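Heads up: the structure comes next, in structure tokens.
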Amino acid sequence: MSTLKGYAGRVLKVDLSNETFEDFPWSDEDRERTIGGKIMAADILFHHITPDMKAFDEDNWLVATTGPLTGCGCPSSSRFNISTISPLTNIVTSSNCGGDFGLALKKAGYDAVIISGKAKKPVYVEITEGDVVFHDASDLWGLHITPAQDKLPAKAGKMVIGPAGENQVLYAAVFSGERAAGRGGVGAVFGDKNLKAVTAAGTLKSEVADKEALRATNKKWIEQIRKHPLTGKQLPRLGTAGLVAPMQAHRILATKNFSDGRFDDFEKVSGEELAEKYLVKGSGCTTCVIQCTRRVTVNGKVVKGPELETLGLLGPNLMNSNLELINQWNYELDELGMDTMSTAGTIAFAMELNEKGLWDNGLEFGKFDNLSAVFDDIAHRRGDGDILADGTKRVAEKFGGKDFAIHAKGMELAAYEPRGAVGQGLGYATANRGGCHLNAGYLVVLEGLGLNINSYTPKSKAAITIFFQNFMETISAAGCCLFTSYVVMPAPVVRKPSSIVAKVVNVGFIAVGPVIALMVKFPAIASMNLPMIMYPYALKHATGMKMNIAKMLKVGEYGYNIERQCNIILGQQAGADTLPKRLTDELQVPGDKRTKVPLDKMLKSYYRIRGWKDGMPTKATLKKLGITEQAEVS
Amino acid sequence: MARVTVKCFGVLRVDSKIDTVDIESSNIGEVFEKINALIESDMTVSFSQALTYINGDLCTSKHEKLHDGDEVWVISAASLNVKKPEKKTP
Ligand code: SF4
């Protein structure tokens, strides 16, 4: 039992092979070191995985974790995380979800659930206060996401897979309500384990350390989020799709399999068009005050609309300007239980292979009459769908085109074309789970989507990337949505992007790179709290831990390194932090030398600041972080 | 005077309902004046509150000259909400 507050205090371990369950030891020291969420999951996996372990091994664990702020009344804090060895990348993936499972798990009395083993036949696992029941799921197997959830207890929080997970599509997702833990194929691991669903329900409430102080913090925090132009206005009004126009302007709207950063018909797939023609209303994850989700009508039914990544990758990246089709495809992919981003990325690559005569697959940029059938074929691994179900990297291994196979470490990139935002490029290359925009540090927000720092210079990008990677790691571990971090950006600058003040701030950000690098190397410098950064206050009042920005950075650094160590144990080699040649060697704008990602240059500084050698934490770095038990490099 | 096409984005477009307009304007400063005249609600937008692009290139000064056929993108900041100043009664 935990003496720290905010936590449920127990971790559940379920064994599908033997249909047993037990408590998994997790101490307050472990909580202090990891906070929770993806860092906790990486720590658990670090002590479990072995070099020969693969995603579809019986021994591979699924680790679903919450954060201490989950269920504590903090804004946008209902997030939970699932980590496991990814079948797509063969390294650890962590996938975050805004559905109601995390809250429900805590109400059942657990901060996390570890799922081990493999069921002999389809099962669903029901977690309640003090009990776990293994149900036969034969009648659920084969069902799409919504009908499957409809058959589960209405009041329970759920994690469920669709046909894509059952058929081990390497980028199958897990759904909780309408929200997806989309990336890295966590759904395929469920499917391999014959696990259709997990539900949780209970009535327990997490105690917090200082109820009054937390209430006051939350009030202030909610106000701050509502007042900030990005979280209080842009995201609620336009959703993440509101970023399409700035992306077009900054040449970072991935177009035609990342061969360009601008799309002539961008207006037709913009957030504005979505708001004007298709939006029924805004909505969001439980406990969210931002509500960035769009609800649209598909086939007469009001459903979750596409968010930016889906919109960009199913739109401009396929040379598609039909927003109605994107709405429909988004719905179909969700129902099949597939990651929209990896699906779209793989299809874009297949289209280019076809265009170049490398694979005759019937897929063409600008031709979309057959795509719904292709999605279904992928989910059921039929025909060419079986090949596409393995993702871009494996398709390239089969048909060639490595230089324009748009992935990092096997995971398809998000919708930001990094030749227009080189810091985002560094983030994609170094992100532990692969081509993910968030795990990358999300520098594109500073490079044009919130602030407007020089998006082409490599200068200071390594330090800024590491700072945000570490910082966001801890935000996520706390259980918060990463969009809450937008509030940290000075509102007057966001409100007036062409003002003198904004220009000074944008230039200043690059200029203070060395200071940021120092802060990253010696987080103790940041042993303070700032009024616009509410996380440390909330964590302190919820858990009773001492917390400040320095500690957040330290925990984040630990998280980033322990996840990296997991990957190294699993066989990640030097040179893994890379991008396809299209992005590093070809100019996006002919004649404009700035428009490629100067990755080697940035990586050098990145490794130096992180204390890594060739992408691997050095012995000294591991020692500093207290990571000593497994793979080390000298 | 140049005849230019102005496309509005962001909260400006959603709140003002102006997406594309053809206007006569000799420089970017005038574009903002004309857009403000077209906005029916009590909202205004200024050069500093937006990122402005002429034919796809970032425009850094409101004195930038325009030419016939130019396309101007006004990507408003995430938030406008600036009310026109109350008219002072003498
Ligand atoms: S901001 Fe969007 S993604 Fe984040 S918690 Fe809110 S609704 Fe969910």
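Lettering follows sequence order; numbering is per chain, from 1. Everything quoted here is computed from the prediction, not taken from an experiment.
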Revision key, fill the gap. So CD of A:Gln234 and OG of B:Ser76: to nearest 0.5 Å the spacing works out to 8.0 Å

Exercise for review: Give me the ring orientation class for A:Phe266 and B:Phe9: parallel if the planes are under 30° apart, tilted from 30 to 60°, perpendicular past 60°.
Suggested key: tilted

Practice item. Please determine, among A:Ser499, A:Ala249, A:Ala502, the option with the most heavy-atom pairs under 4.5 Å with chain B. Key: A:Ala249

**Study point:** Those residues that, when tested against B:Glu24, pass side chain to side chain contact (heavy atoms under 4.5 Å, CB included) (two or more places apart)
**Key:** B:Met1, B:Arg3, B:Lys34

Point to revise | Part of B:Leu51 lying under 4.5 Å from any heavy atom of chain A | key: both

Point to revise | Residue-level contacts of residues 445-454 of chain A with chain B, using a heavy-atom cutoff under 4.5 Å | key: A:Asn452

**Study point:** Distance-minimising heavy-atom pair for A:Glu272 and B:Val14
**Key:** CG-CG2, 4.3 Å

Review point. Would you say the side chain of A:Gln248 lies within less than 4.5 Å of the side chain of B:Trp73, judging by non-hydrogen atoms?
Key: yes

Check your understanding: About how many Å separate CE of A:Met247 and CD1 of B:Ile75, when rounded to the nearest 0.5 Å?
Key -> 12.0 Å

Check your understanding: Are there more than 12 heavy atoms of other residues, nucleotides or ligands under 6.0 Å from atom CG of A:Asp264?
Key -> no

Check your understanding: Near A:Lys459 NZ, under 6.0 Å, is it more than 12 heavy atoms from other residues, nucleotides or ligands?
Key -> no

Practice item. Work out which heavy atom in A:Pro497 is nearest to a heavy atom in B:Gln49; give both atom names and the distance. Key: CD-C, 3.7 Å

Study note, to complete from the structure: Value for OG (B:Ser46) from NZ (A:Lys496), rounded to nearest 0.5 Å, stands at 5.5 Å

Review point. Which heavy-atom pair separates A:Ser498 from B:Ala50 by the least distance, and what is that distance?
Key: OG-O, 2.5 Å

Practice item. Output all residues satisfying side-chain hydrogen bond (donor to acceptor under 3.5 Å, both in side chains) with B:Lys7, sequence neighbours left out; order by chain, then residue number. Key: A:Glu267

**Study point:** Part of B:Tyr53 within contact of chain A (heavy atom distance under 4.5 Å)
**Key:** side chain

Practice item. Could I get the full list of salt bridge (Lys or Arg N to Asp or Glu O under 4.0 Å) partners for A:Arg237, not counting sequence neighbours? Key: B:Asp15

Check your understanding: Side chain, backbone, both or neither: which part of A:Tyr486 has an atom under 4.5 Å from a heavy atom of chain B?
Key -> neither

